[in-house]
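Notes follow the structure.
We name chains A, B, ... by the order of the sequence lines, and we start the count at 1 in each one.
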Amino acid sequence: MVFIEPPFPFELYGMNYNHGATEKKWQNLWNEKKSFEAKEDPSKKKYYVLSMFPYPSGRIHMGHVRNYTLGDVVARLRRAQGFNVLHPMGWDAFGLPAENAARERGISPKDWTYDNIANMRGELKRIGLSIDWSREFATCDVTYYKQQQKLFLDFYKKGLAYRRKSFVNWDPIDETVLANEQVIDGRGWRSGALVEKRELNQWFFKITAYAEDLLQSLSTLDRWPEKVRLMQENWIGKSEGAKVFFKLTAPIARAGASPAPAADAERMVTIEVFTTRPDTLFGASFIALSPGHPITAELAKNNTKLADFVTECNRIGTTAAAIETAEKMGFDTGLTVAHPFIAGKTLPVYIANFVLMDYGTGAIFGCPAHDQRDFDFATKYKLSVIEVIAQKGEKQPLPYTGDGVLQNSGFLNGLDVATAKKTAIEKLKSMGIGEGVTQFRLRDWGVSRQRYWGCPIPVIHCKACGVVPVPEIQLPVVLPEDADFKKGGNPLDNHPTWKHVKCPSCKADAQRETDTCDTFVDSSWYYARFCSPKNDAAPITKSATDYWLPVDQYVGGVEHAILHLLYSRFFTRAMNETGHVGLKEPFAGLFTQGMVCHESYKDEDGKWLYPEEMEKRPDGTAVNVKTGRPVTVGRVEVMSKSKRNVVDPGRIIDAYGADTARLFMLSDSPPERDLEWTESGIDGAWRYINRLWRLVDDENLDLPPINEKIEGAPAEGALKLKKHIHKTIARVTDCLSRFAFNAAVASVRELTNLLQEYESHVYKVGTAAVLVSNNKDAAQPDAGMMLKETKDQRIIYREGVETVAKLISPMLPHIASEMWEKLGHKTMLVDEAWPTPEAALLVDNVVTIAVQVNGKLRATIELPRDCAKDKAEAIALAQDSVVRALNGSQPKKVIIVPNKIVNVVA
RNA sequence: GCGGGCGUGGCGGAAUUGGUAGACGCGCUGGAUUUAGGUUCCAGUGGGGUGACUCGUGGGGGUUCAAGUCCCUCCGCCCGUACCA
């Protein structure tokens, strides 16, 4: 784990390639020539490459390097292929960590953020990305969030933003709202106080208005990973089912003194249940309400045991994972409801911790025989289990969730599940106690955050006028810079003056909204802002977005597969509806990359160690560099600061160069999979960079002039090499276009090997080279042929090396550029066109065919391409190994796949 | 819990549509050059067997002339789960 510290003594190892100077040289040149500045040009086909912008935590990490290298490969490839490429970069700069830093270290969130950005920008630039830095912005720039406030108001006017009550995690000691990640085992991470659920008025975006469209349009996103589309589909969670009204056998006496509104009073006599299984109504054995259900709240007023139970349930927290993995608990209310179909039958009403208030109606009926959760619950509380679906075939233990024929179900008996569902719904409807409904799991997007470091929501609360939007000419609503972070709560709310304003409508004293936006709002439209980042008059410049959008290739982590991407899709629809953009789907192509992992190390005391703090001994043991004490080598895990299994990209770039870091990121693991960072891997990458350099850095290289052509047909050896070059072009182009970057690198390496091997078999004599056969006994070609061969080979060798430089350039832009220059070119490689293979060179006239007997490989034979089937069969059957395997028996059948395989079935 | 993904030599992985499993690299072994080597070059390298062969893509089962690839099932690990970004 000991790295060579910079400056790297490259000449010590016979290396002539100085990555430090070379990388700097090309980065400066690209910058001077503005090589990557994008301009709208309707005469050219555009290509918009976007890598998810980073949160400015202060340092870049390997995950960033991977993400941006992947995006850069695409951007550089498309650029070489003649597209007008937009490849921007910015900062997802609002959010909690800045506020935490302010609280812990007394730095202002703004200074902390912009310092981090300055530092990270420098680190990013060293990777050598083909980014148009002139378009850079941060979401915390007033110029950006001003436009976001306009969008918010436009959404509000269209009814796409609204306010309602919703629960938050409340820390009673710090008097602040906690994020889910700040709640640990039901307690506040700093105060340790038991977290309470508190209901607050909050802002929501009406994403559910587009639920159906967001679902349907997934099928048009054919360049998205199937898994992401599936995850979104499940997240939206469309389900067909029924609402059923269960009548309470005794209405609940309301505890409150004030008269309840009529609709609410109605709720106290019936329980509205959503179910996807109305067919199993005859198997119902209980009703369960969410702890957050209005009836639960009403009952808890007069029942301390129930109130305690609800408190207990709330302690689990607000996350679905916690609620659903918690042990199933129920509270028998003693109430009963009438069964809708069976006269005289009643069902007990429970409060259950696994019933979510946010989904359906917050109430379910339980049919234990045909649902796992209901079954578990019924077992625990000894409720009846009535089988209403007769299983097909071999009987399985309950619960049974498959199809079958209805039984014990009155008018549904004999029907299959699908028909029974329909019939039950019709019956419910005719009885006036239910109806068929389509339900979505998707909930509206809560965007309110009771925090300082976010985009202020631009509304004013007036006692007389209610919610009043801030007039557009008064935008932006700017964050105050003198907020106090020492107190608990929301610094905006605590600020002495900021929130006090006059109502824009009646001029009376009023208050600003002190909630800020969820940072997912900021990242939902940044892709569109990159098209015209400087426009101060409007969030979006229509002509610019019409040209550049949609994003052709979006690259980022799978962890964003649902929320960020769904929110962006919603936002684009909302911006479309409010006239800002002319499209609905922001990202035509999506690639989700895997994470960067590393071994983790612990010393004897169980303390995590950084990789550079330990050393591996030849005997396989590991020790602490300083103390010499043994170190336990742990699992390979996602790099994280807490486990200290991180490698700083800056140090790698110092020691080995950006190209080496990029190569390592691209060469071994396929980009969609997790990548394990290893020191030996980086060594291997670094060696390859030096091998590339040796291809061109040779005083005796003796290459023919640029563009010299072969006269007549190429000599045999030259043709072989040329074929390989063109096959490599085809293969690499294909690999790159389908994100098989590791395979693309492998293919270029193969060509490099071949060129190097070829070069080592050639002597240079004067200006001509002489091919030396490996086989001493072979007849040497005559002088004329040799001259032709060597001359052609020199020309092909140049073509080969130039091709290697071009093909590797999206991955390793610095060394590729340097090679190009070394080969005598005056042009910059980044301005060169991507090579195209000659079709005629891609096909071989002799193919290798596998010969199998009963599916087992017995021989391979060489045959002319498209050889006749009977001829192939005859040659295959004549093979010694085939004859042996057949052992005298007659083949029953021979299967021949032309140019691929002959399978003899014995 | 639910949803999604992944699993191939000692290691990372390749195999575009069901058609020669292990490309390319790391590591390792042997050799050459070298005062030296985390340099470079050459050769070898899935397991077993002298060999003909045989066993092999997380486990078990199935479809097929043929399965890493398709189907069923089980196991392990990872991601998301709505206030981390």
Side-chain angles (χ1 to χ4, degrees), chain A residues 2 4 12-15 52 54-55 57 92 94-97 168-169 177-183 225-228 230-231 233-235 237 318-326 328 354 358 372-373 442-451 518-520 523 557-564 566-567 592 594-595 597 635 637-638 667-670 672-676 678-681 683-688 690-691 694 734-735 738 740 742-743 745-750 753 756 760 848-852 854-857 859-860 881 884 892-895 897 900-905:
Chain A
V2 180
I4 295 154
L12 206 72
Y13 301 106
M15 298 296 125
M52 289 179 184
Y55 178 79
S57 57
D92 188 12
F94 275 136
L96 271 179
V168 293
N169 301 310
V177 177
L178 297 176
N180 284 335
E181 71 158 8
Q182 297 174 322
V183 180
E226 183 63 34
K227 61 171 175 179
V228 175
L230 248 173
M231 280 191 261
E233 188 181 324
N234 289 321
W235 185 261
T318 53
T319 70
I323 291 167
E324 295 191 40
T325 46
K328 284 166 192 54
F354 61 87
D358 293 311
Q372 184 66 52
R373 269 195 314 201
L442 181 69
R443 314 198 295 253
D444 275 339
W445 173 14
V447 295
S448 277
R449 296 293 181 270
Q450 294 69 37
R451 307 195 197 288
D518 176 10
T519 56
F520 273 125
S523 55
V558 233
E559 63 272 20
H560 295 293
I562 296 174
L563 292 181
H564 163 61
L566 197 62
Y567 291 152
T592 53
M595 281 162 309
C597 303
R635 313 183 355 199
E637 294 183 75
V638 177
S667 55
D668 276 355
S669 296
E672 68 276 12
R673 231 187 277 181
D674 287 352
L675 170 95
E676 188 196 339
T678 61
E679 318 314 320
S680 54
D683 279 342
W686 176 75
R687 280 203 294 268
Y688 180 64
N690 286 291
R691 275 181 60 192
R694 260 178 269 126
D734 175 56
C735 285
R738 59 187 173 89
N742 54 331
V745 170
S747 191
V748 181
R749 284 188 107 124
E750 224 177 326
N753 291 348
Q756 200 176 18
S760 70
T848 308
I849 287 174
V851 180
Q852 298 179 337
N854 290 332
K856 277 186 183 157
L857 183 74
T860 55
S881 51
R884 258 203 311 277
K892 286 193 191 106
K893 199 170 156 190
V894 179
I895 289 151
V897 181
K900 281 211 170 133
I901 203 162
V902 177
N903 190 11
V904 182
V905 185

How would RNA chain B look in dot-bracket form, 5' to 3', counting Watson-Crick and G-U wobble pairs with both distances under 3.5 Å and writing | for bases paired to another strand? (((((((..(((......[....)))((((((.......))))))(((....)))..(((((..]....))))))))))))....
side-chain contact (heavy atoms from CB on, under 4.5 Å) filter on A/Thr519, not counting sequence neighbours, yields A/Phe94, A/Asp522
May I ask you to verify if any side-chain N or O of A/Thr519 is less than 4.0 angstrom from the OP1 or OP2 atom of B/A85? yes
The nucleotide from B/U20, B/G19, B/A82 with an atom nearest the side chain of A/Lys900 is B/G19
From the options B/G13, B/G4, B/G19, select the nucleotide whose nearest atom is closest to the side chain of A/Arg673. B/G13
Given B/G19, B/C41, B/C84, the nucleotide with the shortest approach to the side chain of A/Arg694: B/C41
Considering only side-chain heavy atoms of A/Met595, which listed nucleotide, B/C79, B/U40, B/G5, is closest? B/C79
Heavy atoms from C-beta onward define the side chain here; which of B/A85, B/C26, B/A82 lies closest to that of A/Trp235? B/A82
N or O in side chain of A/Asn753 less than 4.0 angstrom from B/G25 OP1/OP2: yes
Which of these nucleotides, B/G13, B/G80, B/C78, is closest to any side-chain atom of A/Asp674? B/C78
May I ask you to evaluate whether A/Gln756 reaches the phosphate of B/C41, defined as a side-chain N or O under 4.0 Å from OP1 or OP2? yes
Can you tell which of B/A14, B/C65, B/G27 lies closest to the side chain of A/Arg687? B/G27
